[in-house]
Q: 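Just dropping this structure here.
Both ligands and their constituent atoms are indexed starting at 1 by order of listing.
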Amino acid sequence: MGHNKNIPHKKAANSISAITALLLICLSLAVKAQFHIIPQPLKIIAKKGTFTLKNNDVIGVDEANKTTGIYLQNYLAKNYNLHLKLRIKPTVAAIRLLIDSTRTNGSYYLNITKTYINITGNSDGIFYGIQSLIQLLPATGPAPLHITECTIADEPRFEWRGLSLDVSRHFFTVDEVKKYIDMMAHYKLNVFHWHLTDDEGWRIQIDKYPKLTDIGSKISFYEKQGKFRKLDNLIDGGRDGFYTKDDIREVLKYAKERFVTVLPEIEMPGHSEAAIFAYPELGCQDSTGATHRVRMLDPSENTFTFMENVLTEVIDLFPNQYIHIGGDEAEVVDWLKSPTAVALMKKEGLTKPEQVQSYFIKQIEKFLLSKNKKLIGWDEILQGGLAQSATVMSWEGEAGGIAAAKMHHPVVMTPLPYMYFDAPQANESLEPIGWNPPVPWQMVYNYEPQSKQLSTDEAKYIMGVQGNLWAEKVPNLKHLEYMVYPRALAVAELGWSSKENKNISRFAYKLNQQYGLFKLWDLNARLPNIANMGDVVTNHDHYSLTLNYPLKGAKVRYSLNGKAPDSTASATSFPVKINEALTDSIKLFAYTTWTFDNQHILQREFIKHVMVNPVDSTGNLQPGLSYSLYKTKELNYKKLDTIAAAVTGILNFPQAFIIPITNTPINNWVKVNGYIKINDEGDYQLTSGFEDSPLLFLDNVIVVNRERNSYVEPQKALLHLKKGYYAIKGYYLADDTNSGQNLLQLQTAEGKVLDPAAYLYHL
Ligand code: ACM
């Protein structure tokens with residue numbers, strides 16, 4: 001898959017700056033430290049007692065869920081050196097796994113008493129109950145393990161909670177794939193979407209077409225020989241390899257034991273360069289015979305026969321009801337140069353190449369249906385007419401998914417930017433290489449799969465969500481884990497937990513608690529940020545900050561000289577108190593390390609020193625800010641003064657932050673103007689809760705900078721303000737999704753948020 005960088009990186013639903021305020025709530029949650037289960041269960045009732053799990057305790061199972069019992073037995077042995085006995089229906093058992101077929105799929109009841117643990121559910125529910133139990137265990141041994149008494153009643157919100165893995169751009173071994181699935185299963189993710197073929201490599205053995213793997217799985221080898229085009233998008237030159245059928249069976253067995261469905265993807269009609277390199281006759285030949293980069297399959301009889309033969313072998317391997325046929329980014333205009341395609345268009349009365357794509361997909365659909373399988377594809381399969389039984393995976397934003405749901409087709413939501421885990425997780429210049437603008441976990445968490453544009457009935461067609469991992473820039477397992485975690489946990493919670501049960505501050509707290517488990521599992525998740533680092537504009541003559549970190553044992557190397565420290569700088573333990581005289585702007589860098597070799601993150605904070613003064617005199621001021629609304633294609637705020645405003649008026653408080661804007665194809669600019677009235681000289685904090693890169697001036701000094709991604713680089717102004725009136729001006733590029741967001745917020749140094757009706761004025 002390529003990446004359409006033109007897809008606007010539109011706002012996420014909540015502000016990261018709100019998270020700071022919510023830290024206080026997190027602290028109060030810390031008393032419930034043992035309950036940090038992700039995804040959040042429907043109901044937890046905590047009790048006072050403790051259960052103790054020790055060597056030789058018995059796990060009691062039915063014959064039907066013996067495999068799950070063995071899974072738990074192995075988990076405890078591997079991670080705690082704790083050895084339990086497995087017994088079929090014993091009279092006495094420490095842990096009992098009880099099938100209750102009256103329960104809905106995935107639901108379970110976990111009862112931890114002082115003397116026993118019962119998990120009841122269908123076989124998948126029992127497995128999920130075990131995952132909750134695993135998260136209740138201390139992250140470090142040794143045995144015996146003490147577990148808090150509680151009951152948990154739980155069930156999933158969505159049936160599809162997916163994570164994809166692109167093994168074409170960089171190959172990942174069977175063991176690496178198994179670990180990927182194992183980690184998914186811990187968070188109750190249940191669909192592993194295996195992207196097995198693409199331009200840069202064919203990864204699945206097909207007996208009928210041995211060259212697919214003999215040649216098509218060795219693309220980087222051929223590239224190095226100069227026989228394949230330069231693999232320009234891949235870092236480290238790609239990684240060759242393929243899975244034999246036995247490899248795939250091994251992965252499938254492993255996934256089945258973890259209640260993970262494996263969805264194979266065989267790309268067509270685009271993204272097929274590796275297959276065409278192996279079998280050139282499959283490629284879309286242009287009529288002049290000129291050689292160009294061929295990654296489109298020709299819609300010939302030969303191609304359809306090939307695909308049916310390939311799919312037959314795929315279907316024989318994979319028990320999953322769905323087969324993913326790709327369908328994205330097909331360069332359909334290439335077909336206009338293909339005699340086969342042109343003849344087909346004539347024969348079928350097709351006028352546009354998109355209709356050839358639709359024809360292609362419908363042929364494949366017919367074949368899959370004849371094999372009792374269902375077709376799923378990327379949202380481009382809507383173009384030219386959606387196949388009747390198709391399920392749509394919406395990646396180019398949500399539009400395709402919304403359209404498909406409105407047509408009553410099942411949908412999996414995996415939209416850019418929220419669900420693309422090849423994007424960096426913070427400021428790009430400080431993160432390992434990624435693709436697309438940054439997507440912090442908060443953006444993922446705040447995503448809602450059932451769009452407001454869908455009626456209740458239509459929303460039922462949203463089967464669930466999926467995080468995607470494309471591997472162009474992901475050359476090895478460590479980097480893979482870094483990109484996917486902790487974001488996958490946000491997918492897990494929004495896919496599993498009820499909407500009412502989502503709570504980002506609680507999730508932030510729980511996330512930090514997971515790092516003990518990550519360490520136990522040797523999972524190289526990206527480290528959490530040092531709390532409260534963000535850009536600051538200030539007129540103070542001192543800057544002080546305490547660097548705190550949620551993980552015990554972490555170390556920090558920091559600098560104030562504008563040069564980023566690295567592993568060679570000397571390390572300090574948290575907390576670190578910074579107290580700097582401030583005559584000029586400074587740049588703080590923090591390089592944080594934790595347990596793994598070379599596991600670190602880099603953060604940066606600009607502390608900009610400014611002067612702001614109240615105005616000497618004002619005219620006759622009235623409450624509220626004046627505002628102007630501009631409808632224009634203009635992106636430069638400086639040009640707004642030369643454009644006539646569509647609407648002008650006064651923002652009267654407390655309704656002030658609801659601006660009359662409509663969603664139109666052109667931009668809505670909102671400009672506000674006026675004064676902040678300060679009654680008491682003192683220290684204040686000024687921020688904006690507006691998500692789409694606001695620009696805020698105080699006394700003509702920029703205090704919130706539009707160029708910063710507010711999600712990734714929160715900003716605040718820490719100002720000492722005198723009694724009087726300060727000129728304020730703000731520019732916001734807005735649409736209706738911004739309604740209700742704070743244009744600005746003033747609070748005291750003690751954190752008391754002031755009522756805007758009391759301090760905003762205009763002339
Ligand atoms: C995709 O990212 N092209 C599905």
Q: Answer with yes or no after comparing the ring centroid distance for Trp378 and His193 against a 6.0 Å cut-off, counting only values under it.
A: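 Yes: the rings meet the under 6.0 Å criterion.
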Q: NZ of Lys373: more than 12 outside heavy atoms within 6.0 angstrom?
A: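 Counting neighbours around NZ of Lys373, more than 12 heavy atoms of other residues, nucleotides or ligands fall under 6.0 Å, so yes.
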Q: I need the single residue from Phe421, Tyr418, Trp441, Trp496 that forms a side-chain contact (heavy atoms from CB on, under 4.5 Å) with Val491. Which is it?
A: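 Testing each of Phe421, Tyr418, Trp441, Trp496 against Val491, the sole residue satisfying side-chain contact (heavy atoms from CB on, under 4.5 Å) is Phe421.
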Q: What I want to know is whether Asp328 and ligand 1 share at least one N or O pair that is separated by under 3.5 angstrom.
A: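 Looking only at distances, the answer is yes, because the N/O contact criterion of under 3.5 Å is met.
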Q: Taking both backbone and side-chain atoms of Tyr420, is any N or O found less than 3.5 Å from an N or O belonging to ligand 1?
A: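 Yes, there is a polar N/O contact under 3.5 Å.
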Q: Can you name the atoms of ligand 1, numbered from 1 with element, that are less than 4.0 Å from a heavy atom of Trp470?
A: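 Counting from 1, the qualifying ligand atoms are 1 (C), 2 (O), 4 (C).
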Q: Looking at Lys502 and Glu493, is any side-chain nitrogen of the basic one under 4.0 Å from a carboxylate oxygen of the acidic one?
A: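 No, no charged N to carboxylate O under 4.0 Å.
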Q: Between Met393 and ligand 1, which part of the residue brings a heavy atom under 4.0 Å of the ligand: side chain, backbone, both or neither?
A: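 Contact part for Met393 vs ligand 1: neither.
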